[in-house]
Amino acid sequence: SSAASDVYKRQLDDSTKAAICQAYDTVDEACTDIIGIYEGMSEREHRAFDIGEAYGKICSTRDKLDKLRGGDGNEH
């Protein structure tokens, strides 16, 4: 069991670390871009963006709840 655990940890470290770091870098760049765009928006655009963000979170939560109920999360 300990040997299997060691293999899993090593496999995760060796094969996944670079992919995680690359994904993090991509997300970090995207967040920086979005922040730059957001900072250049007017107050009205901020409100519209914020409403869109809230709507996205509502839809995501609804889909997760649908999956918990046994749906595929794509009913809507």
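Please read these numbers as outputs of a predicted model, since none were measured by experiment.
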Students should find that the hydrophobic cluster of I34, defined by side-chain heavy atoms under 4.5 Å apart, otherwise consists of I37, Y38, M41, F49
Sequence neighbours excluded, every pair satisfying salt bridge (Lys or Arg N to Asp or Glu O under 4.0 Å) that has a member inside residues 44-57 |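 Counting only pairs at least two positions apart or across chains, the salt bridge (Lys or Arg N to Asp or Glu O under 4.0 Å) contacts touching residues 44-57 are E43-R47.
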Output every pair passing salt bridge (Lys or Arg N to Asp or Glu O under 4.0 Å) with a member in residues 20-34, not counting sequence neighbours, ordered by first then second residue.
-> none
At what distance, to the nearest 0.5 angstrom, does CG of L68 lie from CG of D63?
-> 11.0 Å
The reported gap from OH in Y55 to OG in S60 (rounded to nearest 0.5 angstrom) is 12.0 Å
